[in-house]
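Worksheet for the structure shown next.
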Amino acid sequence: MRKIALLGAGGKMGVRLASNLADSAYEVYHTEITPEGRERLKNAVGSECVEQDEAIAEADAVILAVPDRLIGRVSREIVDSLNPGTALVVLDAAAPHAGEMPDRDDITIFVTHPCHPALYAPTSGNTDRPDLFGGEEAVQHIVCALMRGPEEHYAACERIARTIYAPVDRSHRCTVEHIAILEPAMSETVAATFCYALREAVDAAVRRGVPEQAARDFMLGHLGLELAIVFKIYPGGQFSDGAMRAIELAKPEIFRDGWIDRVFEPEAVLASVKDICASQ
């Protein structure tokens with residue numbers, strides 16, 4: 001797979017991928033429907049767009065750098081134009097897990113998503129603008145799934161994934177369901193929601209007179225240490241007896257019984273991805 005059609009090349013994610021593909025061995029055909037997106041792409045990587053039909057006709061792989069809610073629709077619009085053996089590379093598991101992908105046996109569907117640079121990974125050295133998202137300087141890991149297609153297509157598509165998300169260290173082979181469990185269930189339903197709860201806790205401290213910068217510094221400093229203890233990244237690290245007692249008393253006040261099982265029930269994960277695909 002050497003020829004790639006990048007659909008949505010002028011969007012935020014599309015420009016990120018186009019930047020990494022620009023220095024690769026792949027021949028890339030960029031498509032973008034909006035004038036603003038085409039201008040953004042040209043300014044970012046100096047690339048011009050071609051018509052979608054031309055890109056698809058040449059492509060061995062088609063990357064869908066479009067919003068989740070559009071993946072199913074766009075896939076169905078282009079599926080009849082794909083050459084046999086073409087790989088559709090989808091950047092999120094929501095649409096595939098929700099049953100939004102077109103049914104055609106002679107094309108490959110490959111799902112991949114970045115883990116983003118790890119909290120405790122070595123930094124890129126750019127402290128003014130650290131690469132928190134990934135795909136620029138900081139090393140990250142990725143997850144991949146071969147939803148449909150011949151086994152030999154996995155390695156070819158994984159090479160594409162490693163290129164668009166570079167620099168990449170570990171690539172984890174998963175199923176589409178696994179990736180849907182990781183996102184949205186684990187990383188968004190749980191982790192992103194907890195992040196908002198942490199911010200609300202800082203705001204609550206500030207409303208009670210704590211200087212805002214002191215509250216932020218205290219939260220972010222403790223959060224880094226506490227995550228390192230819980231995930232056993234800090235050798236020998238452990239919470240104090242007082243902290244363990246505070247955790248024990250807080251859990252029933254903050255969390256409803258059985259919440260974790262409800263979030264990760266297969267029906268709940270499926271309902272979540274269907275809602276994502278239906279959102280406007």
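- Looking only at distances, no side-chain donor or acceptor of Ser272 sits under 3.5 Å from a matching main-chain atom of Val269.
- By the 4.5 Å heavy-atom criterion applied to side chains, Arg162 and Ser171 are counted as neighbours.
- Judged by distance alone, with hydrogens and angles left aside, the side-chain atoms of Arg38 form no donor-acceptor pair with the main-chain N or O of Cys49 at under 3.5 Å.
- With a 4.5 Å cut-off on side-chain heavy atoms, Phe239 and Val230 count as touching.
- In this structure, Tyr234 and Leu225 have side chains that are in contact, with non-hydrogen atoms separated by less than 4.5 Å.
- Of the possible donor and acceptor atoms, one in the side chain of Glu32 sits under 3.5 Å from a partner among the backbone N and O of Gly10.
- Linking Ile, Leu, Val, Met, Phe, Trp and Tyr residues whenever their side-chain heavy atoms come within less than 4.5 Å leaves Val190 and Leu270 in two separate clusters.
- In this structure, CD1 on Ile4 lies 9.5 Å from CG on Leu17, to the nearest 0.5 angstrom.
- In this structure, Tyr165 and Val168 have side chains that are in contact, with non-hydrogen atoms separated by less than 4.5 Å.
- The distance from the CD1 atom of Ile33 to the CG atom of Leu7 is 10.0 Å, given to the nearest 0.5 Å.
- Of all non-hydrogen atoms in Val263 and Ala185, the two that sit nearest each other are CG1-O, 4.0 Å.
- Between Arg199 and Asp203 a salt bridge is recorded (basic side-chain N to carboxylate O distance below 4.0 Å).
- The backbone N or O of Leu6 lies less than 3.5 Å from no partner atom in the side chain of His30, so there is not a single donor-acceptor pair.
- Screening residues 197-220 for ring pair (Phe, Tyr, Trp, His ring centres under 6.0 Å), with sequence neighbours left out, gives Phe218-His222.
- Between the CD atom in Glu188 and the CD1 atom in Ile276 there is a gap of 5.5 Å [rounded to 0.5 Å].
- Counting heavy atoms from C-beta outward, Arg159 and Tyr26 have side chains that approach closer than 4.5 Å.
- Ring planes of Trp259 and Phe255: parallel class, angle under 30° (limits at 30 and 60°).
- Here the shortest heavy-atom pairing between Cys144 and Glu158 reads SG-CG, 4.3 Å.
- Of the options Thr112, Val90, Val111, a side chain to side chain contact (heavy atoms under 4.5 Å, CB included) to Ile179 is made by Val111 and by none of the others.
- The hydrophobic cluster containing Ile56 also contains Val66, counting ILVMFWY residues as joined when their side-chain heavy atoms lie under 4.5 angstrom apart, directly or transitively.
- Nearest heavy-atom pair, Ile71 versus Met101, reported as atom, atom and distance to 0.1 Å: CG2-SD, 3.9 Å.
- The CD atom of Gln52 lies 15.0 Å from the OH atom of Tyr29; values are rounded to the nearest 0.5 Å.
- Cluster annotation: Leu198 and Ile254 are assigned to distinct hydrophobic clusters (Ile/Leu/Val/Met/Phe/Trp/Tyr, side-chain heavy-atom contacts under 4.5 Å, transitive).
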> Between Lys274 and Glu100, is a salt bridge (charged side-chain N to carboxylate O under 4.0 Å, His left out) present by the stated rule, with each step listed?
Replying inline: CA-CA 9 Å; Lys274 284 182 177 292; Glu100 293 284 317; 5.8 Å; no

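- No donor-acceptor pair under 3.5 Å is formed between the side chain of Arg69 and the backbone N or O of Asp275.
- Put simply, Val202 and Val210 are part of two different groups of oily side chains (I, L, V, M, F, W, Y) that touch within less than 4.5 Å, one to the next.
- Counting heavy atoms from C-beta on, the side chains of Leu182 and Ser187 never come closer than 4.5 Å.
- Side-chain N or O atoms of Thr86 include one that pairs as donor or acceptor with a backbone N or O of Asn83 at under 3.5 Å.
- A salt bridge does not link Glu27 to Arg2: none of the charged nitrogens lies less than 4.0 Å from a carboxylate oxygen.
- The closest side-chain heavy-atom distance from Thr108 to Leu146 is below 4.5 Å.
- Under the 3.5 Å distance criterion, the side-chain polar atoms of Glu51 are left unmatched by any main-chain donor or acceptor of Asp53.
- Distance alone, capped at 3.5 Å, is enough to place a donor-acceptor pair between the Asn20 side chain and the Ala166 backbone.
- Taken from CD1 in Ile164 to CG in Leu91, the straight-line distance is 5.5 Å, to the nearest 0.5 Å.
- Contact check for Arg16 versus Lys12: no side-chain heavy atoms found under the 4.5 Å cut-off.
- Proximity of a side-chain donor or acceptor of Arg245 to a complementary backbone N or O of Ser240 within less than 3.5 Å is not detected.
- Between the side chains of Ser75 and Glu77, not a single donor N or O lies within less than 3.5 Å of an accepting N or O.
- Looking at Thr31, its side chain never comes within 3.5 Å of a backbone N or O of Val50 through a donor-acceptor pair.
- A continuous path of Ile, Leu, Val, Met, Phe, Trp and Tyr side chains, each step under 4.5 Å between heavy atoms, connects Met219 with Ile247, placing both in one hydrophobic cluster.
- Between Met1 and Ala87 the shortest heavy-atom distance is CE-CB, 3.6 Å.
- For the pairing with Thr175, the side chain to side chain donor-acceptor pair (under 3.5 Å) check across Glu177, His178, Arg173 returns one residue only, His178.
- Separating the OG atom in Ser47 from the NZ atom in Lys42 is a distance of 10.5 Å, to the nearest 0.5 Å.
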